[in-house]
Amino acid sequence: MREESEVREGGDGEDHGLFGPGSVTWQVMGEPVLIVGGIRALLLQALHPRTMWGTAQNSELMNPDAAWARLGRTVEFVRVRTYGTHDEVERVGRRIRKLHSKLTGLDLRTGEAFPVDDPENLLWVHMGEVDSYLDVARRAGVPLTAADADAFVDEQRRAAAVVGLDPADVPGSVAEMKEYYERMRRQIFACREAREGLKRMFSPAVPQHLMPLKLAAPGVAVLVVSTLPRWARRMYGLPGLPTSDLAATLALKGLYRTTHVVPERFRYSPDAQRARRLTRAHEEDLAGWSMAS
């Protein structure tokens, strides 16, 4: 880990955190279209019953103020994990590991209590993020080769370590991720809480000051649901048709191209803008070294 940390430091010794210039993660995660991937991840994660029960039983999902505050904390965690320094990442990781270690859930099928930070649950949540971000990015048209896709999955094993997983136990390529989902599909289903969560996406309870978002919710929900794997849509009792896949892909491409009409200073968050500047400088340095050699 120390050697990897040194590689991701700039020439001036700046700490770029888990990823840094040249990483596929920095190339992908700043794109606005990835918002769709983040919401898709929530629906995919909800298909693991213990993950869903553990979340529902330990949070106020039906309270709009509490739910949106929780969403805000999740967004901030992803931001720090992606762009923060090693110290910042370790600080948020330590906090979330400590929180999860205190929580238990009740398996409504067996009556058995289980720890929320059970490795199977943590891995399912992690893979839901990785698959969703990568799938949306590739379908939207973010320029990624097959090698880039594998590199993204591999890089995200560093993120898995932040929540307490052993990176060696986490899929590190697209093929390994596919095999993981093939195994897990035999164990998951859409429980009542997951189906209720899907319904709330179309008409979410939002705080008063965010009420305009309620108008956009149905359209966003249709797009997000359409991006799910066919088997996941069928688990929710929805059509899993190839035409839905095509429509979702075309919509994502249109959204990606539309956002790229907007100037970078408005299109990207401050963290993503900084990452892009550092990445360009990194690429120029590599080109300079290549010409010199």
Side-chain angles (χ1 to χ4, degrees), residues 1-38 41 72-94 96 126 129-130 132-138 140-163 167 170 172-173 255-293:
M1 290 294 289
R2 174 52 55 190
E3 290 177 357
E4 290 183 357
S5 299
E6 291 172 353
V7 168
R8 289 189 291 278
E9 287 182 352
D12 57 359
E14 183 178 358
D15 184 350
H16 295 142
L18 298 183
F19 306 108
S23 67
V24 182
T25 297
W26 272 20
Q27 178 186 347
V28 169
M29 291 298 292
E31 293 296 341
V33 73
L34 265 291
I35 294 173
V36 176
R73 291 192 295 272
T74 300
V75 170
E76 175 63 8
F77 172 72
V78 173
R79 183 194 71 80
V80 174
R81 188 185 65 192
T82 304
Y83 300 112
T85 65
H86 282 89
D87 285 344
E88 291 170 337
V89 173
E90 175 54 28
R91 188 159 53 247
V92 298
R94 186 166 56 245
I96 199 166
H126 170 76
E129 279 192 66
V130 177
S132 294
Y133 288 137
L134 182 59
D135 182 73
V136 167
R138 297 181 83 178
V142 178
L144 296 171
T145 65
D148 290 334
D150 282 334
F152 178 79
V153 178
D154 182 56
E155 289 171 5
Q156 292 307 304
R157 294 196 291 177
R158 304 168 199 161
V162 176
V163 296
V170 178
S173 69
L255 182 58
Y256 177 66
R257 290 170 182 166
T258 299
T259 60
H260 274 247
V261 174
V262 180
E264 281 194 13
R265 66 181 184 277
F266 300 120
R267 179 164 81 239
Y268 297 115
S269 70
D271 289 298
Q273 290 182 51
R274 172 178 169 273
R276 290 177 68 82
R277 288 195 301 269
L278 290 169
T279 297
R280 282 193 286 263
H282 173 74
E283 291 171 348
E284 290 170 1
D285 287 343
L286 289 179
W289 278 105
S290 177
M291 291 178 64
S293 62

**Message:** In the structure I gave you, are the side-chain heavy atoms of V78 and M29 within less than 4.5 Å of one another anywhere?
**Reply:** yes
**Prompt:** Could E264 and R280 be called an ion pair, given the rule that one side-chain N must be under 4.0 Å from one carboxylate O?
**Reply:** yes
**Message:** Less than 4.0 angstrom from a charged side-chain N to a carboxylate O is my criterion; do R81 and E129 meet it?
**Reply:** yes
**Message:** For R257, I'd like to know if atom CZ has over 12 heavy atoms of other residues, nucleotides or ligands within 6.0 Å.
**Reply:** no
**Message:** Rounded at 0.5 Å granularity, tell me how far CG in L18 sits from OG1 in T82.
**Reply:** 8.5 Å
**Straight-line distance of F152 CZ to W26 CH2, nearest 0.5 Å** = 14.5 Å
**Message:** How close do P32 and R267 get, counting heavy atoms only, and between which atoms?
**Reply:** CG-O, 3.3 Å
**Prompt:** Would you find a donor on one side and an acceptor on the other, under 3.5 Å apart, between the side chain of E155 and the backbone of V24?
**Reply:** yes
**Request:** Please tell me if the side chains of R157 and D154 come closer than 4.5 Å, counting only heavy atoms from C-beta onward.
**Result:** yes
**Prompt:** Taking D15 for the side chain and T85 for the main chain, is one N or O donor matched with an acceptor at less than 3.5 Å?
**Reply:** no
**Prompt:** Taking NZ, NE, NH1 and NH2 as the nitrogens, is one of them in R138 or D135 under 4.0 Å from a carboxylate oxygen of the other?
**Reply:** no
**Asked** Between Q156 and T25, is any side-chain donor less than 3.5 angstrom from a side-chain acceptor?
**Response** yes
**Prompt:** Quick one: does Q27's side chain get under 4.5 Å of T279's, heavy atoms only?
**Reply:** no
**Request:** For the pair D148 and T145, evaluate side chain to side chain donor-acceptor pair (under 3.5 Å) and give the outcome as yes or no after the intermediate values.
**Result:** CA-CA 5 Å; D148 290 334; T145 65; 3.1 Å; yes
**Item:** Minimum heavy-atom distance V153-G172, with the two atoms named
**Value:** CG1-C, 3.7 Å
**Asked** Between Y83 and E88, do the side chains contain an N or O donor and an N or O acceptor separated by less than 3.5 Å?
**Response** no
**Prompt:** Does a side-chain heavy-atom distance below 4.5 Å link P167 with R158?
**Reply:** no
**Asked** What's the shortest heavy-atom distance between S132 and G37, and which atoms?
**Response** CB-O, 3.2 Å
**Prompt:** Is any NZ, NE, NH1 or NH2 atom of the basic residue among E76 and R73 found under 4.0 Å from an Asp or Glu carboxylate oxygen of the other?
**Reply:** no
